[in-house]
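Notes follow once the structure below has been shown.
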Amino acid sequence: MKIASFNINGIKARLPRLLEWLDETQPDVACLQEIKTQDDGFPAADFEAIGYHAIWHGQKSFNGVAILARGQAPVEMQRGLPEMKWPGDAADEQARYLEAEVQGIRICNLYLPNGNPQPGPKFDYKLAWMQRLRERCAAHLAAEIPAVVLGDFNVIPTDQDVWSAKAMADDALMQPQSRDGYARLLNDGWTDAIATLNPRGGVWTYWDYQAGAWQRDHGFRIDHLLLSPACADRLVAAGVDKAHRGREKASDHAPVWVKLRG
DNA sequence: ATGACTGACGGGGTCAGA
């Protein structure tokens, strides 16, 4: 079973590239982030035409996530991160989280807030969002639900995951608080599929459009696939479809994927 | 280096991204 994640940076601008990628790589499940459209603008018919059923959670102009499954309908389990235990917390108004069941695996698709500039309210929102995500994920671990938590985490986990830690030192993506939030997820029992298979780092999933970042290979790793223990036992391969970042009209992210036995 | 490039909205510039 192949499960993929792709921050497409606008589904309207990216649709031909997206259909091409699905056709070439044939993931069983494809999670999308930054669809940047309201629900009624989602091109479901284009995916149905090539055999993919979809659910989606959009909003005007920004954010937005979707889950596609080949030959079957994803069964929606959660739309938006739910309200949590602490006082004053409320369900998210931004379209950043969608969860479904596909072939007995819980698929948790997320677009974590960027958090720049830091410090500031956007960074605070990012850290609070990470805390809520951790609680949602911990509940799945406690219930022993086979799960994959994947998407654009907007976190560079270590200095080995960025072309230049010095150049990015002040960025919200690699502040200690952001990294701690990610490390806490891993400590709870989630396995970072790409890191596990590439322990020396140097794997990028994002290259900025600016300053010739792609041509210079100035990238970093912020798109992640986290596996519950039962799914980690089934891990056979994981990777980045790097070549797709170099095509015409590409997203600034490359797709990432994991293959599970069975 | 207050830089760069891209998309959405809207029909021009502004905001957001990472």
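Quick note: numbers below take in every heavy atom, side chains included, and nothing from hydrogens, waters or symmetry partners. The chains referred to below are lettered A, B, ... by the order of the sequence lines, with proteins before strands, and numbering in each begins at 1. Fair warning: this is a prediction, and the values are worked out from it, not measured in the lab.
Nearest nucleotide to the side chain of A:Ser61, out of B:dC9, B:dG17, B:dA18: B:dC9. Here B:dG17 is the nucleotide among B:dA8, B:dG17, B:dA18 with the atom lying nearest to any side-chain atom of A:Arg96. Closest contact between the side chain of A:Tyr111 and the listed nucleotides B:dA16, B:dG17, B:dC9 involves B:dG17. When distances are taken from the side chain of A:Lys122 to each of B:dA16, B:dA18, B:dC5, the shortest belongs to B:dA16.
Between A:Phe220 and A:Trp163, the gap from one ring centroid to the other reaches at least 6.0 Å. Not less than 6.0 angstrom separates the ring centroid of A:Tyr111 from the ring centroid of A:Tyr97.
A sub-4.0 Å separation between OP1 or OP2 of B:dG17 and a side-chain N or O of A:Asn114 is absent. Between A:Lys36 and the phosphate of B:dA16, there is no side-chain N or O to OP1/OP2 separation shorter than 4.0 Å. Contact check, A:His253 against B:dA18: a side-chain N or O comes under 4.0 Å of OP1 or OP2. The shortest distance between the side-chain N/O atoms of A:Asn7 and the OP1/OP2 oxygens of B:dA18 is below 4.0 Å.
Look at OH on A:Tyr209: it is 18 Å from P on B:dA16, rounded to the nearest Å. Counting to the nearest Å, the C1' atom of B:dA4 and the CD atom of A:Gln215 are 12 Å from each other. To the nearest angstrom, P of B:dT6 lies 11 Å from OH of A:Tyr206. Atom CG in A:Asp208 sits roughly 10 Å away from atom P in B:dT6 (whole-Å rounding). Between A:Lys12 atom NZ and B:dG10 atom C1' the separation is 12 Å, expressed in whole Å.
Nucleotides B:dG3 and B:dT14, compared at atom P, are 15 Å apart to the nearest Å. Atom C1' of B:dA18 sits at a distance of 12 Å from the matching atom of B:dC5, rounded to the whole Å.
Other residues, nucleotides and ligands contribute at most 12 non-hydrogen atoms within 6.0 Å of the NZ atom of A:Lys259.
Using a 30° and 60° split on the angle between ring planes, A:Trp207 and A:Trp214 fall in the perpendicular class, above 60°.
For the residue pair A:His53 / A:Glu48, a side-chain donor-acceptor distance below 3.5 Å is found, with atom types taken as modelled.
Comparing A:Ala211 and A:Pro113 along DNA chain B, the residue whose closest nucleotide (by nearest heavy atom) sits nearer the 5' end is A:Ala211.
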